[in-house]
> 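Starting off with a structure, shown below.
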Amino acid sequence: MNKYLLPFIVFIFLAAFLAKGLYLDPQTIPSPLIGKKMPAANLPLLERGEAEFNVTQLIGQPFLLNVFASWCAPCLVEHPLLSNLAAMKVIDIYGLSYKDNRSNTIAWLEKNGNPYVSVGVDAEGDYAIDLGVYGVPETFLIDSDGVILFKQVGPLTQEVIIEEILERIEDLKSE
Amino acid sequence: MNKTICCCGFVSLFLFLTHAYADLDNIKANKMSDRISNLTNQLRCLVCQNQSLAESEAPLAIDLKRQVKNMVEQGRTDIEIRDYMVARYGEFILYEPPLNIKTVLLWWGPFLILIGMILMIRNIIAKNNSPNLKNRFSAFDILEAREKLERNNEGKK
């Protein structure tokens with residue numbers, strides 16, 4: 001009996017370890033930026049207004065930064081969810097137009113609705129590199145101190161909005 | 001006459017120097033492109049995760065390659081450039097995971113298992129080779145003998 005106990009325990013341990021591995025998504029990379037300050041940037045505003053899209057000036061109250069592009073198909077998928085969230089007025093949503101033609105972005109927002117308070121333009125994708133963006137759309141939740149609390153890679157889903165974003169906003173409000 | 005020679009000398013010296021300088025520039029450029037290809041081979045493309053930046057043509061990989069090139073041209077060291085990438089994309093971007101607390105098992109685990117196996121096999125071989133009493137008489141036999149002897153002893157008393 002004793003002779004078989006040890007291999008059995010090793011087997012159970014290994015099986016549990018591998019089973020966990022099966023359900024991990026290798027596409028999602030843990031971001032080193034979570035818990036860190038939002039990198040600073042001064043970007044042109046989409047609407048060509050006199051004011052610029054200054055990321056440090058956004059800091060003060062919690063907000064979402066959504067990295068999107070008109071050429072990005074999954075962005076269109078998550079867009080109604082963003083519009084819904086914006087209509088609920090629980091948090092400000094800002095957009096970052098990623099490597100996109102300005103007029104295309106404007107046309108896309110006119111067609112699909114504009115949930116953003118304002119949109120910054122990152123035509124070369126340089127600020128996106130500072131943010132560690134590797135798959136559009138990406139959404140960042142930033143607290144009132146400018147610290148990144150959460151990052152969603154790929155399109156938002158109803159579950160992510162409820163369980164990850166709204167949950168955290170509630171925590172922030174109750175603090 | 002002297003003047004002409006002097007002049008020619010200066011001109012040839014000048015030509016030689018500009019040529020040498022151009023060569024130096026070439027060497028520098030070669031060194032830089034070597035460094036760039038070396039770095040981009042060590043960094044992972046985050047979109048197509050089983051390719052290095054150097055191999056990948058994904059838009060993000062092209063941007064990151066451009067970033068590496070810019071930083072090399074700015075005179076940043078390899079370590080600075082790698083740190084820059086890790087700060088943004090995490091250690092995942094390095095093809096070769098660094099040795100630290102989190103990865104020590106990954107690096108040394110296989111060797112630990114190997115050592116464990118060698119020890120186990122050695123034990124088994126040693127057991128089988130030794131003319132051990134345990135191998136020739138079962139534990140039960142020995143126990144029985146002991147009981148018998150003890151009974152005998154008691155009988156004598």
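If you're wondering where the values come from, they're calculated on a predicted model, not measured in any experiment. The figures here come from the full heavy-atom set of this structure, side chains too, leaving out hydrogens, waters and symmetry mates. Note on naming: letters A, B, ... go to the chains in the order of the sequence lines (proteins, then strands), and numbering restarts at 1 for each one.
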> Considering all heavy atoms of both residues, which atom of A:Pro32 and which atom of B:Ala87 are nearest to each other, and what is their separation?
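Closest approach of A:Pro32 to B:Ala87, heavy atoms only: CG-O, 3.4 Å.
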> Return the minimal non-hydrogen interatomic distance between B:Arg66 and A:Glu124, and the atom names on each side.
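Heavy atoms only, the tightest pair is NH2-O, 3.5 Å.
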> Would a hydrophobic clustering, with Ile, Leu, Val, Met, Phe, Trp and Tyr connected at side-chain separations under 4.5 Å, put A:Val147 with A:Ile91?
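A:Val147 does not cluster with A:Ile91.
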> Go through the atoms of B:Glu91 and report whether side chain, backbone, both or neither lie under 4.5 Å from a heavy atom of chain A.
neither
> So which of B:Ile93, B:Val86, B:Leu60 has the biggest tally of heavy-atom pairs under 4.5 Å with chain A?
B:Leu60
> Does CD belonging to B:Glu96 count more than 12 external heavy atoms closer than 6.0 Å?
no
> Ignoring hydrogens, what is the shortest heavy-atom contact between B:Tyr89 and A:Val133? Give both atom names and the distance.
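What the structure gives for the nearest pair is OH-O, 2.8 Å.
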> Decide whether A:Met88 and A:Phe150 are clustered together by the hydrophobic rule: side chain heavy atoms of Ile, Leu, Val, Met, Phe, Trp, Tyr closer than 4.5 Å, transitively.
yes
> Could you note down all residue pairs passing ring pair (Phe, Tyr, Trp, His ring centres under 6.0 Å) where residues 84-112 of chain A supplies at least one of them, sequence neighbours left out?
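Sorted pair list: A:Phe63-A:Tyr94, A:Phe68-A:Trp108, A:His79-A:Trp108.
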> Tell me whether B:Ile101 at atom CD1 has more than 12 heavy atoms from other residues, nucleotides or ligands lying less than 6.0 Å away.
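Counting neighbours around CD1 of B:Ile101, 12 or fewer heavy atoms of other residues, nucleotides or ligands fall under 6.0 Å, so no.
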> Is it the case that atom CH2 in A:Trp71 sees more than 12 heavy atoms from other parts of the structure closer than 6.0 Å?
yes
> Identify which part of A:Lys36 has an atom lying under 4.5 Å from any heavy atom of chain B, answering side chain, backbone, both or neither.
neither
> Does any part of the side chain of B:Tyr84, heavy atoms only, come nearer than 4.5 Å to the side chain of A:Ile129, both counted from C-beta?
yes
> Would you name the heavy atoms of A:Leu33 and B:Arg88 that are closest together and state the gap between them?
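Closest heavy-atom pair between A:Leu33 and B:Arg88: CD1-O, 3.9 Å.
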